[in-house]
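One structure is given below, encoded as structure tokens.
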Amino acid sequence: MEPNTATVETALVIGGGIAGPVTAMALQKAGIDAAVYEAYEKTADGVGGGMSLAPNGVDALDAIDCADLIRPLGAPMTGIVLQDWKGRPLAQFGNPPGIRPMQFVWRDELHRVLHDEAARRGVRTEYGKRLVRAEETADGVTAHFADGTQATADILIGCDGIRSTVRSLIDPAAPGPQYAGLISFGARVRAPGIPSTEGKMPMTFGKKAFFGYQVFGADDAVWFVNLPHPEPMTAAEVQATPAAEWLSILAEKFAADGTPARDLIERTDLSDVVVVGPMENMPPTTITWSRGRIVLVGDAVHAPSSSSGQGASLSIESAIQLARCLRDLPYPGAFAAYEAERRPRVERVIKETTRKNASKAAGPVSRVVNAYAIRIFGKLGKPEKMTWIFDYRIDWDAKVTG
């Protein structure tokens with residue numbers, strides 16, 4: 001079969017995180033048989049901290065009839081209150097008019113619901129399958145795994161995250177993630193000791209670090225810290241320091257701040273701490289999205305920093321749009337149409353996030369300047385200017401013409 005007329009009937013999905021099962025379910029709806037191959041030996045139950053799911057991400061799941069499973073999860077985030085280190089408000093931002101709130105979810109709960117639904121629909125997931133290489137022929141692509149096994153299909157899709165193996169197979173010279181000058185931590189707090197924040201998430205530009213938190217009730221809250229650290233560190237290097245030591249360091253960083261940061265950190269149980277590691281993004285301008293029968297989805301190609309609140313949502317959108325393109329076009333044209341549709345949007349989101357991270361990593365003088373700028377923006381800014389992020393809709397039934 002000539003590549004320019006090749007239709008896709010089967011697919012290998014590499015990576016079983018959030019994007020993996022969504023991609024497989026979207027492909028299934030498009031009439032393509034897909035199996036998921038996950039490097040880790042077991043599911044991610046109980047692994048990971050909190051995350052935000054944007055309304056555009058939830059709405060995208062409507063295209064594959066999954067949104068109603070996700071909407072009951074978590075709690076609404078009705079607004080963000082930016083504060084200075086004394087706890088004085090700088091500005092408050094809610095979603096643009098007519099846009100539903102962001103949704104705070106625990107990552108392992110989102111992961112479990114998506115994986116359970118994929119399994120219910122007959123999507124096969126195999127664990128302990130760490131990809132080492134892929135071999136293309138005129139008829140398909142074969143994935144070779146570290147355990148000596150292999151699998152073959154018409155195409156291979158890399159949903160394997162910001163340190164993607166598939167990305168390096170497409171382009172061995174592909175750049176890695178860009179460090180944002182911050183290392184990240186988070187935790188669940190079972191007894192926060194302060195009142196509910198009523199759906200709002202206060203975020204503080206502390207004297208020495210950035211702190212955000214949301215209190216859901218008397219027995220549940222979440223916090224996160226973005227700690228400036230000029231020298232890049234790997235996740236392994238950050239995680240080599242025990243969580244107890246990090247908690248002590250973080251508590252000291254907020255000792256002079258007039259916010260609940262230190263108290264919430266000191267109320268945190270060690271078992272609930274997530275030492276995330278470096279904050280990074282994956283600017284897609286420098287990435288080759290596909291080659292031959294191999295293509296990238298989600299963080300593997302367009303990972304915004306967690307500051308965007310859009311990482312999972314953009315991955316979900318891309319997974320579903322790729323499936324639409326493969327439904328209607330031979331794979332070379334489908335890959336091109338997919339990239340043309342997605343690249344402008346994800347690059348714009350990442351550009352917005354880069355500005356946010358710069359303010360979090362600012363020094364003492366820059367923090368004063370930033371605080372002044374935030375106050376002005378809070379008074380003059382128009383929330384409707386951000387509508388473009390949230391009102392993105394996918395028309396599953398519309399034909400992709402390339």
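Since this is a predicted model, take the numbers as computed values, not measurements.
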Lys/Arg N to Asp/Glu carboxylate O, R188 vs D220, below 4.0 Å: yes

Is the backbone N or O of V166 less than 3.5 Å from a side-chain atom of D160, with the two atoms forming a donor-acceptor pair by type? yes

Just so I know, are the side chains of S52 and Q214 near enough to count as touching, which here means a heavy-atom distance under 4.5 Å? no

Just one of Q310, R100, R393 clears the side-chain hydrogen bond (donor to acceptor under 3.5 Å, both in side chains) bar with N56, so which one? Q310

Which heavy atom in G158 sits nearest to a heavy atom in A300, and how many Å separate them? O-CB, 3.8 Å

Is there side-chain contact between I70 and L73, with at least one heavy-atom pair below 4.5 Å? yes

Less than 4.0 Å between a side-chain N and a carboxylate O, is that true for R121 and E117? yes

With heavy-atom distances below 4.5 Å as the criterion, would you say the side chains of T149 and Y37 are in contact? no

Could you give the distance from CG (D108) to NE2 (H115), rounded to the nearest 0.5 Å? 11.5 Å

Relative to the ring of F185, is the ring of W246 parallel (under 30°), tilted (30 to 60°) or perpendicular (over 60°)? tilted

Which residues share a side-chain contact (heavy atoms from CB on, under 4.5 Å) with S290, sequence neighbours left out: V295, F335

Pairing of R112 and E109 as salt bridge, 4.0 angstrom limit: no

Interatomic distance, I80 atom CD1 to Q92 atom CD [nearest 0.5 angstrom]: 10.0 Å

Indicate yes or no: at least one non-hydrogen side-chain atom of V81 is less than 4.5 angstrom from one of T197. no

Are any non-hydrogen side-chain atoms of V222 and W106 less than 4.5 angstrom apart? yes

Do E245 side-chain atoms and P242 backbone N/O form a donor-acceptor pair below 3.5 Å? no

I'd like to know if R190 and D272 make a salt bridge, using a cut-off of under 4.0 Å between side-chain N and carboxylate O. yes

Let me confirm one number: the CD-CE distance from Q103 to M77, rounded to the nearest 0.5 Å. 10.0 Å

Please check if the side chain of K29 supplies one atom and the backbone of A63 the other of a donor-acceptor pair under 3.5 Å. yes

Side-chain donor/acceptor of S248 to backbone N/O of A244, under 3.5 Å: no

Could you please spell out the steps behind the side-chain hydrogen bond (donor to acceptor under 3.5 Å, both in side chains) verdict for S271 and D269? CA-CA 5 Å; S271 62; D269 189 281; 2.5 Å; yes

Could you tell me if the side chain of R163 sits less than 4.5 Å from the side chain of P177, heavy atoms only? yes

Check the pair T142, E135 against side-chain hydrogen bond (donor to acceptor under 3.5 Å, both in side chains), reporting the backbone distance first and the verdict last. CA-CA 5 Å; T142 298; E135 182 180 9; 5.5 Å; no

With rounding to the nearest 0.5 Å, note down the distance linking OG1 in T152 to NE2 in H144. 7.0 Å

Given 3.5 Å as the limit, does a donor-acceptor pair link the side chain of R327 with the main chain of W396, or not? yes

Looking at D263 and R267, is any side-chain nitrogen of the basic one under 4.0 Å from a carboxylate oxygen of the acidic one? yes

Side chain D84, main chain G87, donor-acceptor under 3.5 Å: yes

Look at the rings of F254 and F211 and say which category their plane angle falls in: under 30° parallel, 30 to 60° tilted, over 60° perpendicular. perpendicular

Using 30° and 60° as the class boundaries, would you call the ring planes of F216 and F104 parallel, tilted or perpendicular? tilted

L227, L182, T204, N226 screened by side-chain contact (heavy atoms from CB on, under 4.5 Å) with F210, the one that passes: N226

D154 (side chain) donor-acceptor with A11 (main chain) under 3.5 angstrom: no

Please find the pair of heavy atoms, one from R262 and one from A255, that lie closest to each other, and give the distance. NH1-CB, 3.0 Å

Rounded to the nearest 0.5 Å, what separates atom CD in E126 from atom CZ in R124? 4.5 Å

Within a strict 4.5 Å, meaning less than it, do heavy atoms of the V346 and P304 side chains meet? no

Heavy-atom closest pair, residues I183 and P278: CG2-CA, 3.9 Å

Inter-residue atom distance L296.CG - I170.CD1, 0.5 Å rounding: 3.5 Å

If only atom types and distance count, is the side chain of S318 paired as donor or acceptor with the main-chain N or O of L314 below 3.5 Å? yes

Is there a side-chain contact between R345 and E317, using heavy atoms and a 4.5 Å cut-off? yes

Looking at every non-hydrogen atom in both residues, tell me the closest pair between V132 and F145 and how far apart they are. CG2-C, 4.0 Å

